[in-house]
K.L.:
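Have a look at the structure that comes next, please.
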Amino acid sequence: MKYKIEKNTVQETLILPLYSRKLCTELYPNLYRDETAVRLLDQIDYDFSQAEKNSRSLMQRFGVLEVAMRQNDLAFEVQAYLKNHPCAAVVNLGCGLDNTGRACDNGSCKIYNLDFPDVIALRQQLLPAGEREQNIPCDLKDPAWFDKIDASGGAVFFASGVFYYFLTEQVRELVQGMADAFPGGVLVFDAANRTAVKMIAKTWLRTAKIKDVGAYFAVSDAKSELSPWDNRLQVSSRGYMLGYNDLKDPSVSNFFRFLAKVGDNGMKMQIVKIGFGDRQ
């Protein structure tokens with residue numbers, strides 16, 4: 001039996017990133033594989049005709065490559081943390097139907113997937129929690145979820161495509177709260193500069209009738225802009241298109257490699273890593 005997804009619902013917003021991850025797997029198999037996305041889309045009854053039409057465009061295909069690189073980079077950082085903290089909590093902030101936590105499972109970590117209650121309700125049906133895994137309904141901006149994370153073996157948090165929808169002040173409060181609650185933990189997420197955020201925001205800002213895009217979270221130089229938030233933060237960043245992979249795979253055209261350079265250097269598309277140390 002297939003799970004029906006209606007148009008213009010919250011559930012629909014989860015399907016399109018899933019479709020992108022399936023496309024990544026088909027277009028760039030040497031760079032990225034998400035078998036969960038492929039499997040889940042077989043279980044979903046949804047009209048993909050528009051998504052399939054869009055997927056033929058050049059920029060859509062580059063967008064799919066961006067999705068692939070972002071997920072790979074975040075997974076790399078999670079796995080790097082687990083090498084030194086094998087029993088850590090792996091926490092997917094704003095998880096949607098993403099399965100990166102389980103893809104990084106080392107057999108001893110604890111996996112937490114956090115999102116709004118209606119998103120978690122759908123996730124429970126399509127991706128029920130496995131062993132050492134919890135799907136937690138919450139609002140990320142409300143620190144009540146901190147108490148649900150067992151960080152006794154360390155904690156690595158990651159957020160993919162999430163903080164573009166937060167005001168700068170909301171990200172700062174969240175980061176400071178996490179530094180209090182999870183000393184020794186690490187937060188990794190994707191970010192971009194103001195120009196890129198305006199481009200990302202074009203569609204949803206119009207619907208939400210929000211005029212002040214300048215209030216939304218954007219970063220050009222992560223270390224100099226975010227370190228002053230709190231003296232416990234150890235901030236670093238790498239370009240997310242070319243900072244972890246040279247993209248010299250035959251599936252990636254020279255034009256896409258050029259666009260990747262523009263993304264990393266011109267738009268400051270980056271993976272930001274924040275370590276939570278003790279107060280100095």
K.L.:
Are Val67 and Leu65 connected in the hydrophobic side-chain network, where two residues link if heavy atoms are under 4.5 Å apart?
P.N.:
no
K.L.:
Dump the intermediate steps for side-chain contact (heavy atoms from CB on, under 4.5 Å) on Val188 and Tyr81, then the final yes or no.
P.N.:
CA-CA 11 Å; Val188 286; Tyr81 186 85; over 6 Å; no
K.L.:
Going by distance alone, is a donor N or O of one side chain under 3.5 Å from an acceptor N or O of the other, for Asp98 and Asn92?
P.N.:
yes
K.L.:
Hey, are the side chains of Met178 and Ile274 touching, using non-hydrogen atoms and a 4.5 Å cut-off?
P.N.:
no
K.L.:
Is it true that the NZ or CZ of Arg61 lies under 6.0 Å from the centre of Phe256's six-membered ring and within 45 degrees of the ring axis?
P.N.:
no
K.L.:
More than 12 heavy atoms of other residues, nucleotides or ligands under 6.0 Å from NZ of Lys273: yes or no?
P.N.:
no
K.L.:
Step through the shown structure and confirm whether more than 12 heavy atoms of other residues, nucleotides or ligands are within 6.0 Å of CD on Glu131.
P.N.:
no
K.L.:
Supply the atom-to-atom distance Asn254 CG to Lys248 NZ, rounded to the nearest 0.5 angstrom.
P.N.:
10.5 Å
K.L.:
Mind checking the CG-CE spacing from Leu31 to Met69? Nearest 0.5 Å is all I need.
P.N.:
4.5 Å
K.L.:
Tyr32 and Val38: same hydrophobic cluster, using ILVMFWY side-chain contacts below 4.5 Å?
P.N.:
no
K.L.:
For the CD atom of Gln79 and the CG atom of Leu82, what is their distance to the nearest 0.5 Å?
P.N.:
7.5 Å
K.L.:
Could you report the tightest heavy-atom contact between Ser220 and Asn193, atom names first, then the distance?
P.N.:
OG-CB, 3.4 Å
K.L.:
Looking only at heavy atoms, what is the nearest atom pair of Ile111 and Gly101, with distance?
P.N.:
CD1-O, 3.6 Å
K.L.:
Nearest 0.5 Å, please: how far is CG in Asp34 from OG in Ser20?
P.N.:
11.0 Å
K.L.:
Would you say the rings of Phe182 and Phe146 are close, in the sense that their centroids are separated by under 6.0 Å?
P.N.:
yes
K.L.:
Tell me the closest heavy-atom pair linking Ala155 and Ala88, and the distance in Å.
P.N.:
N-CB, 4.1 Å
K.L.:
In the structure I gave you, are the side-chain heavy atoms of Leu74 and Tyr240 within less than 4.5 Å of one another anywhere?
P.N.:
no
K.L.:
Do Leu93 and Trp229 share a hydrophobic cluster, counting only Ile, Leu, Val, Met, Phe, Trp and Tyr and linking them when any side-chain heavy atoms are less than 4.5 Å apart?
P.N.:
yes
K.L.:
Can you tell if the side chain of Ile15 reaches within under 4.5 Å of the side chain of Leu97, non-hydrogen atoms only?
P.N.:
yes
K.L.:
With heavy-atom distances below 4.5 Å as the criterion, would you say the side chains of Leu114 and Trp145 are in contact?
P.N.:
yes
K.L.:
Would you name the heavy atoms of Tyr19 and Ser55 that are closest together and state the gap between them?
P.N.:
OH-OG, 4.1 Å
K.L.:
Do Thr100 and Phe158 pass the side-chain contact (heavy atoms from CB on, under 4.5 Å) test, and can you show the C-alpha distance, the side-chain angles, and the key distance before you say yes or no?
P.N.:
CA-CA 10 Å; Thr100 300; Phe158 63 99; 3.8 Å; yes
K.L.:
Please give me the minimum heavy-atom distance between Gly96 and Asp115, naming the atom from each residue.
P.N.:
N-OD2, 2.8 Å
K.L.:
Could you walk me through whether Phe276 and Leu233 satisfy the side-chain contact (heavy atoms from CB on, under 4.5 Å) test, starting with their C-alpha distance in whole Å, then the side-chain angles of each, then the deciding distance to 0.1 Å, before giving a yes or no?
P.N.:
CA-CA 5 Å; Phe276 305 129; Leu233 306 182; 3.8 Å; yes
K.L.:
For the residue pair Gln124 / Asn135, report whether a side-chain donor-acceptor contact shorter than 3.5 Å exists.
P.N.:
yes
K.L.:
Does NZ belonging to Lys223 count more than 12 external heavy atoms closer than 6.0 Å?
P.N.:
no
K.L.:
Please examine the side chains of Gln170 and Phe217, heavy atoms only from C-beta on, and report whether any two atoms are closer than 4.5 Å.
P.N.:
no
K.L.:
Could you go through the side-chain contact (heavy atoms from CB on, under 4.5 Å) check for Leu58 and Phe255 one step at a time?
P.N.:
CA-CA 10 Å; Leu58 200 64; Phe255 179 56; 3.6 Å; yes
K.L.:
Would Met241 end up clustered with Val262 when hydrophobic side chains under 4.5 Å apart are linked, directly or stepwise?
P.N.:
yes
K.L.:
Are Lys22 and Glu26 ion-paired here, with the side-chain N under 4.0 Å from a carboxylate O?
P.N.:
yes
K.L.:
If I take atom CG from residue Leu126 and atom OG1 from residue Thr36, how far apart are they, to the nearest 0.5 angstrom?
P.N.:
11.5 Å
K.L.:
Going by atom types only, do Gln176 and Asp180 share a side-chain donor-acceptor pair under 3.5 Å?
P.N.:
no
K.L.:
Do Lys268 and Asp221 touch side chain to side chain, with heavy atoms closer than 4.5 Å?
P.N.:
no
K.L.:
If you round to the nearest 0.5 Å, how far is CG of Asp264 from CZ of Arg238?
P.N.:
11.0 Å
K.L.:
Do Ile271 and Phe76 have side chains that approach each other closer than 4.5 Å (heavy atoms only, starting at C-beta)?
P.N.:
no
K.L.:
Just wondering, do Phe163 and Leu174 contact through their side chains at under 4.5 Å, heavy atoms?
P.N.:
yes
K.L.:
Closest heavy-atom contact between Arg257 and Asp249?
P.N.:
NH1-O, 3.8 Å
K.L.:
Give a yes-or-no answer on whether the side chains of Asp150 and Tyr112 include a donor-acceptor pair shorter than 3.5 Å.
P.N.:
no
K.L.:
With hydrophobic residues grouped by side-chain heavy-atom distances under 4.5 Å, do Met269 and Tyr28 end up in a single group?
P.N.:
yes
K.L.:
Main chain of Ser224, side chain of Ser227: is a donor-acceptor contact present, judged purely on distance under 3.5 Å?
P.N.:
no
